[in-house]
Student: 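Pasting in a structure now, in structure tokens, and then I'll have a few things to ask.
What you see is a predicted model, and the numbers here were worked out from it, not measured in a lab. Here is how names work: the chains are called A, B, and so on, in the same order as the sequence lines, proteins then strands, and each is numbered from 1.
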Amino acid sequence: MRGKLQWLSQHHHQPPLPLPSTSIRQLSALSPTSAHPRTPSTRNPHLSEAFLDMAMQGFSVNFQGYDSVLTECINRRSFRDGQLVHAHMIKTDYKPPVYLRTRLIVLYNKCDCLCDARMVFDEMPERNVVSWTAMISAYSQRERGSEALSLFVQMLRSGVVANEFTFATVLTMCAGASGFHLGRQVHSLIIKRKCEAHIFVGSSLLDMYAKAGRIQEARSIFETLPERDVVSCTAMIASYAQLGLDEEAIDMFRRLYSEGMCSNYVTYASVLTALSGLAALSYGRQVHGHVIRLELPFRVVLENSLMDMYSKCGKPLCSRRIFDSMPERSTVSWNAMLVCYSKHGMGEDVVELFRLMKEDDKVKPDSITLLAVLSGCSHGGMQNRGLDIFDEMVEGKYEIEPEMEHYGCVVDLLGRAGLAERAFEFIRRMPFEPTPAILGSLLGACRVHSNLNIGQLVGLRLIEVEPENAGNYVILSNLYASSGSWEDVRRLRELMMEKAVVKEPGRSWIELEQTLHTFHAGDPSSHPEKNELFAKVRELSARFREAGYVPDLSCVLHDVDDEQKEKILLGHSEKLALAFGLINTSEGASLRVMKNLRICVDCHSFAKFVSKIHGRNVSLRDKNRFHHIVDGVCSCGDYW
DNA sequence: GTAGGGTTAG
């Protein structure tokens, strides 16, 4: 049961992550200056002026002169000066060689003037691989994939041989599901050209495979790289983290760290993503200590991931402390804080923070902002405010077109307000076909408000479009059970057996003394304290029954008798984790439990009794949100 | 001269 998460155990010979108290100095020594992103050069700030003076006086300029002045313009991203240099070439009838024309492409691209760059490119009497790659890269950086791709094809057809720069650029463009097919073809070409051993090509290649979900292929590319650097190592760690393979991400970080890998701000941002997924608070705090002391550049990015780590570890106040101390904030920073409040059901804080964001001229709300605000209003019991904000959105107040997810939030808002009929009508009038997630949200609302009519309609439709999702059957079964329709519960169970539903195995975990303890539903087999644990859950259940707890058997859809159903319920992973926490912590200590799926009604009720009878604050993170339970009352208002 | 990894949601 302790399983693979043992990397967090204190029994390891070496510290699992570099601890702030012991190894800061060592880490500082490892911190690479070379890996810091390039900053615009500030040397020779008057070169352009000197050039312009000379040009005004009618001097002609030679190759070296143009080269140095263009370099300066590129470094300073000075469009105006660059344009004057370009105009001077034309005026003096200077015919720039390929090299200088390529410099002009780079300059215009850096100044965000893609059209000018393309014009220079089109007017080139001859082109080499560098000028082609510069132009392809320009399109790729501005997310103009189709133009970049068509140029790449033209380049190959014209007989110019692609080099490592070209391949790295094109592969980066192919990262993402839609580019995978092309990426594979590029990979074959790379193998033919024997470019694969190049570290830039290798890291973009592994990233391309990982972003297509092919983590094994990504890993094997990584393992066969002839050398590694901070980018290729970080790409591998980030790939695991982005796919939710958090333990693998941390294992990889530990391995590479022990092998002397350099880390930079991107590495730590990726490590924090993995720690957020695991809700490994004590390790997240250690990383926090590090990044402060290392004084890494790009603080905004790092602080954003720190905020998110604290949020996902159940510490919204810590997130806010970071947010308040930030010298500058991006839209992502605001979004991260809004999402934090939303997941923690802090509706008023969401609304207030959104108000402050609108007052800040430096940032502009985007689609994610509105998603966070709408879902925050829903989870935080501010339904009317949420509906108003959606109306404002439709009116164009935020200049953001509502997308499917925003419509989904409205269904959630209406459902939570007990307006299932209106939500149903809203779905019918939406400009989109409802996704399973939207139908699921309405079904959940019908369960809470015991609306059998609409619930049945929506539930059966949902099972039709998403027959493999066991959660749908369970919620509809809850609904049938609560209205006493036992015959329907039986029929539903048969239907589920027929469709051979495979449920994602339930898993919960709890962090105690820097070790994550994981529990799988119905399987405490390998844990040293298994007997004690099962006995404890039984004992708790019996005690809670005296206080009014009634096991909700409709949460079990197996075709077994009630006694067996109760046994299955007692084996739910979050109950095992809660019992483990009660046994191993001192009286009155808070319990922080994480679950990979949505919490079931019965476990939610069980957790409320834990808090009430044992005087423990329980913080439970499920797939969708946090449940903060104090004295038997949950912050979700029993709606999730 | 041209190039690779990252933070919020789902």
Student: Looking across every strand, which nucleic acid part, if any, lies under 4.0 Å from A:Lys211 by heavy atom: base, sugar-phosphate, or nothing?
Tutor: sugar-phosphate
Student: Starting from P on B:dT8, measure out to CG on A:Leu338 and report it in whole angstrom.
Tutor: 14 Å
Student: With a cut-off of less than 4.0 Å, is there a side-chain N or O of A:Ser137 near OP1 or OP2 of B:dA3?
Tutor: yes
Student: Mark yes or no for whether A:Asp81, through its side chain, and A:Cys73, through its backbone, hold a donor-acceptor pair below 3.5 Å.
Tutor: no
Student: Rounded to the nearest angstrom, tell me the gap between atom CE in A:Met236 and atom P in B:dG6.
Tutor: 12 Å
Student: Can you tell me if A:Gln242 touches the phosphate of B:dT7, counting only side-chain N or O atoms and a distance under 4.0 Å to OP1 or OP2?
Tutor: yes
Student: Answer with base, sugar-phosphate or nothing: what part of the nucleic acid does A:Ile136 contact at a heavy-atom distance below 4.0 Å?
Tutor: nothing
Student: Is there a donor-acceptor pair closer than 3.5 Å between any side-chain N or O of A:Asn304 and the backbone N or O of A:Val300?
Tutor: yes
Student: For the base of B:dG1, is there a side-chain donor-acceptor partner from A:Thr102 under 3.5 Å away?
Tutor: yes
Student: Of the nucleotides B:dG4, B:dG1, B:dT7, which one has an atom closest to the side chain of A:Arg103?
Tutor: B:dG1
Student: Could you work out which one of B:dG5, B:dG10, B:dG4 sits closest to the side chain of A:Glu405?
Tutor: B:dG10
Student: Show your working on side-chain hydrogen bond (donor to acceptor under 3.5 Å, both in side chains) between A:Ser204 and A:Asp207 and close with a plain yes or no.
Tutor: CA-CA 5 Å; A:Ser204 52; A:Asp207 186 55; over 6 Å; no
Student: Could you give the CG-to-C1' distance, from A:Asn128 to B:dT2, as a whole number of Å?
Tutor: 9 Å
Student: The side chain of A:Val332 lies closest to which of these nucleotides: B:dA3, B:dA9, B:dT7?
Tutor: B:dT7
Student: What's the NE2-P distance between A:His187 and B:dG4, to the nearest Å?
Tutor: 18 Å
Student: Out of B:dG4, B:dA3, B:dG5, which nucleotide sits closest to the side chain of A:Glu164?
Tutor: B:dA3
Student: How many Å lie between CG on A:Leu272 and P on B:dG5, as a whole number?
Tutor: 20 Å
Student: Could you please name the option among B:dG5, B:dA3, B:dA9 that lies closest to any side-chain atom of A:Val266?
Tutor: B:dG5
Student: Taking only the side-chain heavy atoms of A:Ile368 (C-beta and beyond), determine which of B:dG10, B:dT8, B:dG4 contains the nearest atom.
Tutor: B:dT8
Student: Could you tell me the separation between the CG atom of A:Asp67 and the P atom of B:dG1, rounded to a whole number of Å?
Tutor: 9 Å
Student: Please determine whether a side-chain nitrogen of the Lys or Arg among A:Arg118 and A:Asp122 lies less than 4.0 Å from a carboxylate oxygen of the Asp or Glu.
Tutor: yes
Student: If I take atom CG in residue A:Leu256 and atom P in nucleotide B:dG5, what distance separates them, rounded to the nearest angstrom?
Tutor: 18 Å
Student: For the side chain of A:Tyr99, starting at C-beta, report the closest nucleotide among B:dA3, B:dG1, B:dG6.
Tutor: B:dG1
Student: Please check the phosphate of B:dA9 (OP1 and OP2 only) for any side-chain N or O of A:Lys312 closer than 4.0 Å.
Tutor: yes
Student: Ignoring backbone atoms, establish whether A:Lys110 has a side-chain N or O less than 4.0 Å from OP1 or OP2 of B:dG1.
Tutor: no
Student: Looking for any heavy atom pair under 4.0 Å, which part of the strands does A:Gln141 touch: base, sugar-phosphate only, or nothing?
Tutor: sugar-phosphate
Student: With the side chain of A:Asn335 defined as its heavy atoms from C-beta on, choose the nearest nucleotide among B:dG4, B:dT8, B:dG6.
Tutor: B:dT8
Student: Return the value, rounded to whole Å, for the distance between atom CG of A:Asn109 and atom C1' of B:dG1.
Tutor: 13 Å
Student: Looking at the side chain of A:Ser203, which of B:dG5, B:dT8, B:dG4 is the nearest nucleotide?
Tutor: B:dG4
Student: Using the ring centroid of each side chain, check whether A:Trp334 and A:Phe354 are separated by less than 6.0 Å.
Tutor: no
Student: What nucleic acid atoms does A:Val98 come within less than 4.0 Å of, heavy atoms only: base, sugar-phosphate, or nothing?
Tutor: base
Student: So A:Ser232, base contact, sugar-phosphate only, or nothing? Heavy-atom distance under 4.0 Å.
Tutor: base
Student: Quiz question: going by heavy-atom distance under 3.5 Å, is there a donor-acceptor pair between the base of B:dG4 and the side chain of A:Asp229?
Tutor: yes
Student: Regarding A:Asn163, tell me which of base, sugar-phosphate or nothing describes its non-hydrogen contacts under 4.0 Å with the strands shown.
Tutor: base
Student: Aromatic ring centroids of A:His86 and A:Tyr108 under 6.0 Å?
Tutor: yes
Student: Do the side chains of A:Arg219 and A:Glu248 get close enough for a salt bridge, i.e. N-O under 4.0 angstrom?
Tutor: no
